[in-house]
Asks: 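One structure is given below, represented as structure tokens, and several questions about it will come after.
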Amino acid sequence: PDIVGAKELILVRATFEPGSAHRFHIHPGREEIIYVIEGEAEQWVEHEKRLLKPGEMAHIPKNTPHATRNPGSSKLVFLAILSPVEAPGEFTVDVFDQEPWKTQWAYEKRIRTV
């Protein structure tokens with residue numbers, strides 16, 4: 001918001017190298033859209049896993065566990081669009097150490113997290 005003056009949207013451009021990921025987390029007061037620009041994203045939204053390609057997206061409702069991983073051999077570039085800008089509580093809360101996300105994510109110990 002300080003850079004572009006947005007009052008209702010947060011836009012983050014993320015780049016993950018092959019094999020990189022971020023672990024399961026929630027945004028208690030914000031919903032999110034992941035939009036893939038380049039590469040492929042293994043996108044988890046709660047218990048559902050989808051492979052997103054350029055031009056595809058996933059919607060993540062407020063307070064919903066989700067995670068993103070680059071399963072490909074080239075870099076992954078995506079936009080994370082969150083709303084609203086201001087919300088009570090923490091921006092991100094990690095849940096990767098809670099069940100069932102802990103078990104689901106156990107295989108990820110072999111990859112780098114970002």
Side-chain angles (χ1 to χ4, degrees):
D2 295 340
I3 296 171
V4 299
K7 297 187 187 319
E8 297 297 325
L9 295 172
I10 300 168
L11 175 66
V12 178
R13 180 183 168 118
T15 301
F16 285 15
E17 295 300 322
S20 295
H22 63 75
R23 297 183 274 193
F24 278 98
H25 64 281
I26 61 172
H27 302 291
R30 294 173 177 86
E31 64 180 326
E32 180 176 8
I33 292 175
I34 300 290
Y35 179 85
V36 175
I37 297 172
E38 179 181 338
E40 295 181 336
E42 178 184 287
Q43 184 62 53
W44 288 86
V45 179
E46 209 155 18
H47 301 287
E48 180 185 350
K49 175 178 78 169
R50 291 178 45 209
L51 185 62
L52 303 177
K53 298 182 186 244
E56 296 181 330
M57 66 182 123
H59 174 252
I60 303 149
K62 290 179 187 180
N63 213 33
T64 301
H66 60 285
T68 307
R69 183 173 83 93
N70 178 354
S73 58
S74 61
K75 72 179 175 179
L76 163 64
V77 180
F78 66 93
L79 300 177
I81 304 148
L82 298 99
S83 180
V85 171
E86 298 294 329
E90 296 291 323
F91 183 83
T92 300
V93 176
D94 289 328
V95 296
F96 65 87
D97 59 349
Q98 301 171 22
E99 291 296 349
W101 321 117
K102 182 177 180 178
T103 302
Q104 182 63 50
W105 207 248
Y107 76 98
E108 293 303 335
K109 290 181 180 178
R110 66 184 178 351
I111 65 166
R112 291 183 326 209
T113 56
V114 293

Asks: Go through it in stages, so that I can follow the logic: the residues are Ile34 and Leu79, the test is side-chain contact (heavy atoms from CB on, under 4.5 Å), and I'd like the CA-CA distance, side-chain angles, deciding distance and then a yes or no.
Replies: CA-CA 6 Å; Ile34 300 290; Leu79 300 177; over 6 Å; no
Asks: What about Val93 and Trp44, same hydrophobic cluster or not, with Ile/Leu/Val/Met/Phe/Trp/Tyr joined at side-chain heavy-atom distances under 4.5 Å?
Replies: yes
Asks: With rounding to the nearest 0.5 Å, note down the distance linking CZ in Phe16 to CG in Asn70.
Replies: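 The CG atom of Asn70 is 8.5 Å from CZ of Phe16, to the nearest 0.5 Å.
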Asks: Looking at every non-hydrogen atom in both residues, tell me the closest pair between Pro28 and Phe91 and how far apart they are.
Replies: CD-O, 3.9 Å
Asks: Write down the atom of Thr68, the atom of Gln43, and the distance for their closest heavy-atom approach.
Replies: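 Distance-wise, the nearest heavy atoms are OG1-OE1, 2.7 Å.
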Asks: Below 30° counts as parallel, above 60° as perpendicular, anything between as tilted: where do the rings of His22 and Phe78 land?
Replies: tilted
Asks: Could you report the tightest heavy-atom contact between Ile33 and Met57, atom names first, then the distance?
Replies: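 It is CG2-SD, 3.8 Å.
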Asks: Any idea which heavy atoms bring Gly39 and Ser74 closest together, and the distance?
Replies: CA-OG, 4.5 Å
Asks: Run the numbers on Thr64 and Val45 for side-chain contact (heavy atoms from CB on, under 4.5 Å), then give the verdict.
Replies: CA-CA 7 Å; Thr64 301; Val45 179; 4.0 Å; yes
Asks: Does Lys53 come within less than 4.0 Å of Glu40, counting only side-chain N to carboxylate O?
Replies: yes
Asks: Pro71 versus Leu51: any side-chain heavy-atom pair under 4.5 Å?
Replies: yes
Asks: Indicate, with yes or no, if Leu9 and Ile37 share a hydrophobic cluster defined by side-chain heavy-atom contacts under 4.5 Å among Ile, Leu, Val, Met, Phe, Trp and Tyr.
Replies: yes
Asks: Under a plain distance cut-off of 3.5 Å, with no hydrogens placed, do Glu46 and His66 share a side-chain donor-acceptor pair?
Replies: no
Asks: Looking only at side chains, do Glu32 and His27 share a donor and an acceptor under 3.5 Å apart?
Replies: yes
Asks: For the pair Arg23 (side chain) and Ala67 (backbone), establish whether a donor and an acceptor sit closer than 3.5 Å, ignoring hydrogens and angles.
Replies: no
Asks: Calculate, to the nearest 0.5 Å, the distance between atoms CD1 and CG belonging to Ile10 and Leu82 respectively.
Replies: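 Interatomic distance, Ile10 CD1 to Leu82 CG, rounded to 0.5 Å: 5.5 Å.
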Asks: Mind listing the closest non-hydrogen atom pair of Ala87 and Gly29 along with its distance?
Replies: CB-O, 3.5 Å
Asks: Is a side-chain N or O of Asp94 found less than 3.5 angstrom from the main chain of His25, in a donor-acceptor match?
Replies: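 Here the side-chain-to-backbone pair does not exist.
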Asks: So, taking the atom named CD1 in Ile26 and the one named CG in Asn63, what distance separates them when rounded to the nearest 0.5 Å?
Replies: 4.0 Å
Asks: Looking only at non-hydrogen atoms, find the nearest pair between Glu90 and Arg30 and report the distance.
Replies: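 Between these two residues, the closest heavy atoms are O-NH1, 4.3 Å.
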